[in-house]
Amino acid sequence: ASMPFSGRLVSSFGCQRLLLTVSSVLAVLLMLLCDTAQLPVCAVLLLLFGVCSGILDVSINIFALHLENLLARRLMSGMHGMWSLGTFAGAGGFSLFLQTGFTVYEAILCMVLLVLFLTTFYSRYVGADIGRQRSSSGGGSRLSLPKGVVVWLGVAACIAFQAEST
């Protein structure tokens with residue numbers, strides 16, 4: 001639900017600020033999720049976690065698109081591959097913490113601290129103005145509706161996801 005509005009956030013604040021803020025919020029939400037036992041609180045935290053994850057995805061993709069344009073090379077598939085590799089490395093690191101005797105809470109704390117450190121350290125390589133709108137000309141539409149083959153691809157994806165969930 002947050003993805004249509006994520007582009008507007010990136011254009012207002014830039015990729016660097018969103019990456020730092022949303023990564024930090026995700027880390028705090030992960031710690032709170034680990035510590036909650038009430039279903040309504042867990043539901044709200046999971047909703048916020050999903051919103052922040054969507055914002056992070058969009059801002060990283062905008063940054064990758066900027067790099068592609070800057071370097072005049074196709075990089076998006078490599079970026080998505082590195083995202084997957086990082087996910088596998090995170091899961092492996094978490095499993096390693098658990099196998100060495102850490103409690104779940106301690107393992108999550110270690111992973112959260114690692115994510116915060118890496119995000120803070122490497123965010124300086126993301127330009128502060130990347131993604132930010134430079135002009136305030138209101139000529140274009142804020143939300144565009146899909147047309148043509150994109151609509152049919154969306155319908156096919158919806159059917160595939162429905163079949164996958166059964």
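Numbering starts at 1 and runs along the sequence shown.
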Q: Around atom OH of Tyr122, are there more than 12 heavy atoms from other residues, nucleotides or ligands closer than 6.0 Å?
A: no
Q: Quickly, which of Ile60, Ile62, Leu56 forms a side chain to side chain contact (heavy atoms under 4.5 Å, CB included) with Val58? Name it, please.
A: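 Only one option passes, and that is Ile62.
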Q: Which heavy atom of Glu106 sits nearest a heavy atom of Gly101, and at what distance?
A: OE1-O, 4.5 Å
Q: For Ala64 and Met79, work out which heavy atoms get closest and say how close.
A: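 It is CB-CG, 3.7 Å.
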Q: Could you pull out all donor-acceptor pairs under 3.5 Å where a side-chain atom in residues 21-47 meets a protein atom, sequence neighbours excluded?
A:
from, atom 1, to, atom 2, distance (Å)
Thr21, OG1, Arg17, O, 2.8
Ser23, OG, Leu19, O, 2.7
Ser24, OG, Leu20, O, 2.8

Q: Can you list every pair that meets side-chain hydrogen bond (donor to acceptor under 3.5 Å, both in side chains) and has a residue in residues 78-91, with sequence neighbours left out?
A: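 Only Asn61-His80 qualify under side-chain hydrogen bond (donor to acceptor under 3.5 Å, both in side chains).
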Q: Taking all heavy atoms of Glu68 and all of Leu75, pick out the closest pair and write down the distance.
A: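 Smallest heavy-atom distance, with atoms named: OE2-N, 2.8 Å.
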Q: Which other residues belong to the hydrophobic cluster containing Leu96, where Ile, Leu, Val, Met, Phe, Trp and Tyr are joined when side-chain heavy atoms lie under 4.5 Å apart, directly or via other members?
A: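 Under the 4.5 Å side-chain rule, Leu96 groups with nothing.
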Q: Rounded to the nearest 0.5 Å, what separation is found between the CG atom of Leu48 and the OG atom of Ser53?
A: 12.0 Å
Q: Taking the hydrophobic residues Ile, Leu, Val, Met, Phe, Trp and Tyr, and joining any pair whose side-chain heavy atoms are under 4.5 Å apart, which ones share a cluster with Met82?
A: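 Members other than Met82 - counting any ILVMFWY side chain reachable under 4.5 Å - are Leu85.
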Q: Return each pair, listed once, that meets ring pair (Phe, Tyr, Trp, His ring centres under 6.0 Å) where at least one residue sits in residues 95-115; pairs must be two or more places apart or across chains.
A: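 Listed once each, the pairs are Phe97-Phe102.
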Q: If you group Ile, Leu, Val, Met, Phe, Trp and Tyr by side-chain heavy-atom gaps below 4.5 Å, do Val115 and Ile108 land in one group?
A: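 No, it is not one cluster - the side chains of Val115 and Ile108 are not joined through contacts under 4.5 Å.
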Q: Would you name the heavy atoms of Cys15 and Ser59 that are closest together and state the gap between them?
A: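 In this case the closest contact between Cys15 and Ser59 is SG-O, 3.4 Å.
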Q: Looking only at atom types and distance, does a side-chain atom of Thr119 sit under 3.5 Å from a main-chain N or O of Leu116, one as donor and one as acceptor?
A: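 No.
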Q: Could you list the cluster mates of Leu65? Members are the ILVMFWY residues connected by side-chain heavy atoms closer than 4.5 Å, either directly or through other members.
A: Met76
Q: First locate atom CG of Leu18, then atom SG of Cys52, and finally report the distance between them rounded to the nearest 0.5 Å.
A: 10.0 Å
